[in-house]
Amino acid sequence: MSENSSSRVSERAAELRAQLHEASHRYHVLDEPTIVDAEYDALMRELETLEATHPELVTSDSPTQRVGAHPSSAFAEVRHEVPMLSLANAFSEEEVAEFMRRIRDRLDQDISDQGGPLTFSVEPKFDGLAISLRYENGVFVRGATRGDGETGEDVTPNLRTIKSIPLRLHGKAPAVIEVRGEVYMPRAGFEKYNAAARASDGKIKLLINPRNAAAGSLRQLDARITAKRPLAFFAYAVGVVEGGSLPATHSQTLRKLREWGLPVSDLVGTADGVEGCLDYYKRIGAQRDILPFDIDGVVYKLDDLATQRELGFVGRTPRWAIAHKFPAQEQTTTVEAIDINIGRTGAATPTARLKPVFVGGVTVTNATLHNADQVARLDVRVGDTVIVRRAGDVIPEVVRVVAEQPRGAAPWQMPAHCPICGSAIVREEGEVVARCTGGLTCAAQRVQAIFHFAARRAMDIDGLGERYIEDLCDLGYLHSIADLYKLSLADLLEMKRRADERDGTTPETVKAGKVATKWAENLIEAIEHSRRTTLTRFLYSLGIQHVGESTAKALALWFGEIDIIRHLPWPILKLVPDIGGEVARAIDAFFSQDGNQRVIDDLLARGIAITDTHAPAPKLRAKLDFASLLAEVEIPKVTGKRALQIATAIDSFDALLAAKATVLVAIGLPVDTQESLQHYLAQAENRKLLARCARAATQLPAAIPGAASQAAGPLDGQTVVLTGTLVALTRDEAKAKLEALGAKVAGSVSKKTSFVVAGSEAGSKLDKAQELGVDVWDEARLMEFLRGQGS
DNA sequence: CAACCTCGAGTTCA
DNA sequence: CTCGAGGTTG
């Protein structure tokens, strides 16, 4: 080795040591971590490797030479008679196999090979804080943190506040026993605590993550604060034992601990050999997101205690155990830009463009920042280093900015103009979202509107993705949704050729004279196929504000025909349950725009066939009388009661519009109501609305006698919620079948929910159901029920 | 008018 | 899946 490279190695080692010291100090002493675990691990491993190949570089104060950090002086020190161990880590299957091979090799030297795979006690690796609990004659006398493994801090009063730590053991426990385990904060408690903290307007500090929360809570000097934190405990090992003995294996020891009243996780078990351990790793990994607490891997411990003793230690890590870690769910990266995205409704959503980073199994490059408030809360700026998490769900989020990094430029602000169309971006009073005011003149909104139209749950045009829509719009083939139905195969191919030319992406095969046409043929076919549709899908696909699937369905059910719906004044729309003033006005406003009416004309003229037209619902007819309708118009001071009073004297909108002032006085209304009504009637706009109501009410066709009344199903009046993945049915099929039996299928669980159908990997909805004591069906029960109903 | 329940809209990656 | 906001209800 040359002089030069050896000095570089020693410099790097010194640098790593400094970084690790600093990080460890901030983490353990200041409770303010600056780097995530994965990074710390990576630095530590690098240093370990360096020291392994250059043993002369090992210094006595190297972070590799101890497990944790200095205990803070605020707590009394406790020496661990039996040191608290730290485990070697494995990050891949190869490393696990290597670990097991090492054990075998070592044992083979000493004793004859007994054949068969080794048995391991397998456990989740809880993401919390390791502690030791001392019981004397069955009574909890002292608890300490791990500290550096040799010496920890006495946090007995804090530990006493944790309900899952027994203050007295059951049965015949040894006279003195030290139980080791992990204090952690369950996710639900963490969320609940933070929700309260958020509501406290900054008075209570937010907890960063459950693990930090657990560590921080235990290190409170005032145990009353600890008591307010939702902490829990799992036992997983034993230290000192006097006046008693333990079983021959670790798994039996855990069982004993459970007998003595200590909480041991249900997830512990045993596994044989590499294969068994890896199976366990996968099984626990699959459950990771739905567990009620955080884990960062699993631990394999050789089950037989005698063999453990034989294998012994390397430094402070045992040869007989290893932690197999999951891919990190948190990483740090830098914010390269903060862009804004314009949605279908014009909503301007800030998005962080991140330096690509591998988190929880995928590479993340984007993370939504939701809105300007969120950006301000986090104070994220371009150039900042941030922690990115891929939590329980799939969607990455920026957790926080790492303090002490050189800050980027000025605080981020929502731009005043849309980056796509240049229109003003406006945030309405009291709203969280800012919106581009460009409407359909904004290219981004136009593309999103067409994309929505083509969506599976809307017109279901398969193969029409965002990219094609963008190109079709940019190159002038598509101006509105109606244009979709005049696209020809030739148009599509020409568009593709021009787009490729523009981007310089013309494939070699095309240059060679071959043109790929299959995609275009499929798309034309898909557009063709979408022509036949239902009224619900059609209404939904128009992308009217506030009209999603369920509102579209209500409209279809109540009014029956697009030609009726497209001309209704909002007070009549408001008669439909679940449609209030805001939504009704949005629908009316949509249809009041000539451009939108023209698009609908075009669509219908080009052969959109709505297959399920019918007469208005009978329930609607009953509500169309003058008094009910008048109450919906929202004339100040004219409530339902007053409307009724007015209606007894004046029997129609026409009569009301024609009524002289003297007539209004004669009705006997209170003076303020009279004035309000007269003032209302004096305005041309209002008179126009009333006239429209009058006309629409008389023009709505009568109900078809006897039609549309649905047969009563066995699930009438029941509300069902589906969650998780079903095997035999898709969610949509299950929904359709349940609805056919009269059930209402809702999206979220509440007290009103009759029962929840939980498939595999059910998430928070299942928790909610259990919390509220709502019945939960598994898929088998649902299938059996459906069979019983003959479906 | 507050509490509760729904619905709509937006979101990431393979 | 989650948040925000609209609608209904006591």
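Throughout, protein chains are lettered first and strands after them, A, B, ... in sequence-line order, and every chain is numbered starting at 1. Just so it is clear, the values below take in all heavy atoms, side chains as well, and ignore hydrogens, waters and symmetry mates.
Distance CD (A/Q374) to P (B/dG10): 17 Å, rounded to an integer number of Å. Distance, A/D373 CG to C/dA5 C1': 15 Å, rounded to whole Å. At whole-Å resolution of the value, NE2 in A/H452 and C1' in B/dT11 are 16 Å apart. Between A/R457 atom CZ and B/dG8 atom P there is a gap of 11 Å when expressed in whole angstrom units. Spacing between atom CD of A/E397 and atom C1' of C/dC3 amounts to 13 Å, rounded to whole angstrom units. Put simply, CG on A/N371 is 13 Å from C1' on B/dA9, counting in whole angstrom units. The interatomic distance linking A/Q448 (CD) with B/dT11 (P) rounds to 8 Å, in whole Å. Distance, A/R187 CZ to C/dT2 P: 12 Å, rounded to whole Å.
Of the candidate nucleotides B/dT12, B/dC4, B/dC7, B/dC7 has the atom lying nearest to any side-chain atom of A/T551. Among B/dC5, B/dG8, B/dG10, the nucleotide with an atom closest to any side-chain atom of A/S550 is B/dG8. The A/R344 side chain lies nearest to B/dG10 when the options are B/dC7, B/dG10, B/dC5. Listed candidates were B/dC4, B/dA14, C/dG4. Nearest to the side chain of A/T363 is B/dA14.
A/V433 comes within 4.0 angstrom of no nucleic acid atom, judged by non-hydrogen atoms across all strands.
Residues meeting the side chain to side chain donor-acceptor pair (under 3.5 Å) test with A/S530, sequence neighbours left out: A/Y485. Shown here are the side chain to side chain donor-acceptor pair (under 3.5 Å) partners of A/T437, two or more places apart in sequence or in another chain: there are none.
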Provide a list of protein-nucleic acid N or O atom pairs under 3.5 angstrom, restricted to nucleotides 6-10 of chain C.
{"unit_1": "C/dG7", "atom_1": "OP1", "unit_2": "A/G580", "atom_2": "N", "d": "2.8"}
{"unit_1": "C/dG7", "atom_1": "OP1", "unit_2": "A/G580", "atom_2": "O", "d": "3.3"}
{"unit_1": "C/dG7", "atom_1": "OP1", "unit_2": "A/V583", "atom_2": "N", "d": "3.1"}
{"unit_1": "C/dT8", "atom_1": "OP1", "unit_2": "A/D578", "atom_2": "N", "d": "2.7"}

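For A/T365 and B/dT12, the shortest distance from a side-chain N or O to OP1 or OP2 is not below 4.0 Å. Regarding contacts with the backbone of B/dT11, every side-chain N or O of A/N366 stays at 4.0 angstrom or more from both OP1 and OP2.
If A/Q545 and A/T351 are placed on DNA chain B by their nearest nucleotide, the residue sitting closer to the 5' end is A/Q545. Between A/A367 and A/G548, the one whose closest nucleotide on DNA chain B sits nearer the 5' end is A/G548.
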Side chains of residues 338-352 of chain A: which donor-acceptor pairs under 3.5 Å do they make with residues two or more places apart or in other chains?
{"unit_1": "A/D339", "atom_1": "OD2", "unit_2": "A/R353", "atom_2": "NE", "d": "2.8"}
{"unit_1": "A/R344", "atom_1": "NH1", "unit_2": "A/G543", "atom_2": "O", "d": "3.2"}
{"unit_1": "A/T345", "atom_1": "OG1", "unit_2": "A/R435", "atom_2": "NH1", "d": "2.7"}

Which atom pairs, one a donor and one an acceptor, fall under 3.5 Å between side chains of residues 370-377 of chain A and the rest of the protein, sequence neighbours left out?
{"unit_1": "A/N371", "atom_1": "OD1", "unit_2": "A/D373", "atom_2": "N", "d": "3.1"}
{"unit_1": "A/N371", "atom_1": "OD1", "unit_2": "A/Q374", "atom_2": "N", "d": "2.9"}
{"unit_1": "A/D373", "atom_1": "OD1", "unit_2": "A/R427", "atom_2": "NH1", "d": "3.2"}
{"unit_1": "A/D373", "atom_1": "OD1", "unit_2": "A/R427", "atom_2": "NH2", "d": "3.2"}
{"unit_1": "A/D373", "atom_1": "OD2", "unit_2": "A/R427", "atom_2": "NH2", "d": "3.2"}
{"unit_1": "A/Q374", "atom_1": "OE1", "unit_2": "A/R377", "atom_2": "NE", "d": "3.4"}
{"unit_1": "A/Q374", "atom_1": "OE1", "unit_2": "A/R377", "atom_2": "NH2", "d": "2.7"}

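Identified under the ring pair (Phe, Tyr, Trp, His ring centres under 6.0 Å) test for residues 735-757 of chain A, with sequence neighbours left out: A/F755-A/W777.
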Exercise for review: Carefully, step by step, assess A/K574 and A/E632 under the rule salt bridge (charged side-chain N to carboxylate O under 4.0 Å, His left out).
Suggested key: CA-CA 7 Å; A/K574 229 177 117 212; A/E632 301 291 348; 3.3 Å; yes
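Ion pairing of A/E634 with A/R585 is present here, as a side-chain N (NZ or NE/NH1/NH2) and a carboxylate O approach within less than 4.0 Å.
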